[in-house]
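Step one of this worksheet: look at the structure below.
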Amino acid sequence: MSHKITFGILAVISLAFGISQGPAPTSSSYIVQGASVDSVAAIVRSAGGEITHELGIIRSVGATLTAAQAAALEGQEGVYRIFADSAVEVAGKPDKGPDKDPGTSGNGVQETHYPTNVLADAAHYYGITGQGVGIAVLDTGLWKHDGIKNDTASNPRLDVVYNAIADEVASSPMSGDDPGGHGSHVASIAVSSLLSDYGNYNGIAPDAHLISVQAFDEYGNGTYADVVRAIDWIVANKAAHNVRVINLSFSAAVRSHYWDDPINQAVMAAWQQDIVVVAAAGNSGPTAMSIGVPGNVPYVITVGAMTDNYTPSDFSDDSLASFSSAGPTYEGFVKPDVVAPGGHMLGLM
């Protein structure tokens, strides 16, 4: 009896003076899927987990759980799947130095060449410039350069800026920034309205309007939960901003069948809403079966990279870029669907 009293007194003293009773269990981030957001959120809370994201597009929540809490949820009625909230990174390669052929024109605007290489200049000649099309760029944010924020008539083209990391819509489309630069680079390739002395627009669709969605930080790193929340927001706001295209220039390692992956599930939901999804093949090539997520989804346009070998007017020496990921996918789908200029691309960042 005296031993029990002694241990009880020691426990009280430990609590009073904040003496640790051992290390607290560590928590990790998960995505938990169920029949609905509300039902699975209630189950997670009942297990002691903390909800961080509501991901209605895939009937899931992001949650912080200990290993014991995650194990308790496994196999529980109403819980369909539990995924680790894995890392994702933008599809970029380190800079190898200045371009060999910058082609700076008299007004200081560089000739980018790629619109001509893909015959976009011919489309521009016939008035096909992307007018009326909304492109959601899901990336590191957007820098407000004139070639990005204005179309060919100098009209503002930024519809909205949404930060999926903070889950906030910017008070003005002119606010927000791009701490990493990758999103601005990608957006400028898509829509730059700058006109070189050669009379060519530097972007493929210089009159399209932009929806900037940030899910990656200044280092180009993101999480599954933030990317899914970003796609969820895009789909929910499709009609308000006439979103016709989502550009996904990022890639993650394949860890499951394509239909089980949470990002891929969100991407397929966007496709079902009649949004054209354009995804990077990835930069893990040239090994076979190196296509990443979400490029391994059969319903999206997966784009590989070619290089013009710094001779844009000579097509004979064009080749697949050494870093471009190759197919087939694990399920046997032929990927990428198309190959486009991707080596030493000149953008506004």
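Throughout, residue positions are numbered sequentially from 1 according to the sequence presented. Everything quoted here is computed from the prediction, not taken from an experiment.
- Remark: Ser28 engages no residue in a side chain to side chain donor-acceptor pair (under 3.5 Å) (not counting sequence neighbours).
- If you check the side chains of Thr129 and Asp207, you find a donor sitting under 3.5 Å from an acceptor.
- For the residue pair Ser175/Ser172, the side-chain donor-acceptor check at 3.5 Å is not satisfied.
- The side chain to side chain contact (heavy atoms under 4.5 Å, CB included) search around Asn150 returns Asp146, Pro156, not counting sequence neighbours.
- When hydrophobic residues (I, L, V, M, F, W, Y) are linked wherever their side-chain heavy atoms come within less than 4.5 Å, the members clustered with Val37 are Tyr30, Val32, Val40, Ile43, Val44, Ile51, Val61, Leu65, Leu73, Val79, Ile82.
- At a threshold of 4.5 Å between side-chain heavy atoms, the hydrophobic network of Ile, Leu, Val, Met, Phe, Trp and Tyr places Ile231 and Tyr162 in one connected group.
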Residues 181-190 side chain polar contacts: donor-acceptor under 3.5 Å, at least two apart:
| from | atom 1 | to | atom 2 | distance (Å) |
| --- | --- | --- | --- | --- |
| His182 | ND1 | Asp139 | OD1 | 2.8 |
| His182 | ND1 | Asp139 | OD2 | 3.0 |
| His182 | NE2 | Ala91 | O | 3.2 |
| Ser184 | OG | Trp143 | N | 2.7 |
| Ser184 | OG | Asp178 | OD2 | 2.7 |
| Ser188 | OG | Ser184 | O | 3.3 |
| Ser188 | OG | His185 | O | 2.8 |
| Ser188 | OG | Leu348 | N | 3.0 |

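- From Ile58, atom CD1 reaches atom CE of Met268 across 10.0 Å, with rounding to the nearest 0.5 Å.
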From CA spacing to verdict: side chain to side chain contact (heavy atoms under 4.5 Å, CB included), Val293, Tyr224: CA-CA 11 Å; Val293 170; Tyr224 259 60; 3.8 Å; yes
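- The two atoms that bring Asn117 and Phe315 nearest to each other are OD1-CE2, 4.0 Å, heavy atoms only.
- Here CZ of Arg81 is found 4.5 Å from CG of Asp260. Values are rounded to the nearest 0.5 Å.
- Remark: the Asp151 side chain and the His209 side chain contain no N/O donor-acceptor pair separated by less than 3.5 Å.
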The test is side chain to side chain contact (heavy atoms under 4.5 Å, CB included); show your working for Thr307 and His344 and say whether it passes. CA-CA 8 Å; Thr307 175; His344 58 269; 3.2 Å; yes
Determine whether Ser316 and Asp314 satisfy the following criterion, side chain to side chain donor-acceptor pair (under 3.5 Å), listing intermediate values before the conclusion. CA-CA 6 Å; Ser316 66; Asp314 180 5; 2.6 Å; yes
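- When the shell of 6.0 Å around CD of Glu89 is examined, it contains 12 or fewer heavy atoms from other residues, nucleotides or ligands.
- Between Ser256 and Glu331, the closest heavy-atom pair is O-OE2, 4.4 Å.
- Put simply, OG1 on Thr223 and NE2 on His53 are 5.0 Å apart, with the number rounded to the nearest 0.5 Å.
- Within 6.0 Å of CD in Glu50 there are 12 or fewer heavy atoms belonging to other residues, nucleotides or ligands.
- Arg157 contributes a side-chain N or O that, together with a main-chain N or O of Ile148, makes up a donor-acceptor pair within less than 3.5 Å.
- At a threshold of 4.0 Å, the pair Asp226-Arg229 counts as salt-bridged, since one of the basic side-chain nitrogens sits closer than that to a carboxylate oxygen.
- Separating the CZ atom in Arg59 from the CG atom in Asp38 is a distance of 13.5 Å, to the nearest 0.5 Å.
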Please determine whether side chain to side chain contact (heavy atoms under 4.5 Å, CB included) holds for the pair Tyr114 and Ile204, giving the CA-CA distance in whole Å, both sets of side-chain angles, and the decisive distance to 0.1 Å. CA-CA 8 Å; Tyr114 48 79; Ile204 302 299; 4.1 Å; yes
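- Closest approach of Val161 to Pro173, counting heavy atoms only: CG2-O, 3.5 Å.
- Summarising the geometry, atom CG belonging to Asp308 is positioned 9.0 Å from atom CE belonging to Met345; distances are rounded to the nearest 0.5 Å.
- Each of Tyr310 and Met306 belongs to its own hydrophobic cluster when Ile, Leu, Val, Met, Phe, Trp and Tyr are linked at side-chain heavy-atom distances under 4.5 angstrom.
- Heavy atoms from other residues, nucleotides or ligands lying under 6.0 Å from OH of Tyr126 number 12 at most.
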Donor-acceptor pairs under 3.5 Å, side chain of residues 243-251 to any protein atom, not counting sequence neighbours: which ones?
| from | atom 1 | to | atom 2 | distance (Å) |
| --- | --- | --- | --- | --- |
| Asn247 | ND2 | Ser249 | OG | 2.9 |

Step by step, would you call Lys238 with Asp274 a side chain to side chain contact (heavy atoms under 4.5 Å, CB included)? CA-CA 10 Å; Lys238 169 197 168 186; Asp274 298 325; 4.0 Å; yes
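- The backbone N or O of Gly295 lies less than 3.5 Å from a partner atom in the side chain of Thr302, making a donor-acceptor pair.
- Qualifying side chain to side chain donor-acceptor pair (under 3.5 Å) partners for Tyr258, counting only residues two or more places apart in sequence or in other chains: none.
- Closest heavy-atom contact between Phe216 and Gly222: CD2-N, 3.5 Å.
- A donor-acceptor distance shorter than 3.5 angstrom exists from the side chain of Ser290 to the backbone of Ala326, with no hydrogens or angles considered.
- Hydrophobic clustering (side-chain heavy atoms under 4.5 Å, transitive across Ile, Leu, Val, Met, Phe, Trp, Tyr) keeps Ile301 apart from Val267.
- The minimum heavy-atom distance between Val277 and Val300, with the atom names listed, is O-CB, 3.5 Å.
- In the hydrophobic cluster analysis, where Ile, Leu, Val, Met, Phe, Trp and Tyr join through side-chain heavy atoms closer than 4.5 angstrom, Val276 is grouped apart from Leu138.
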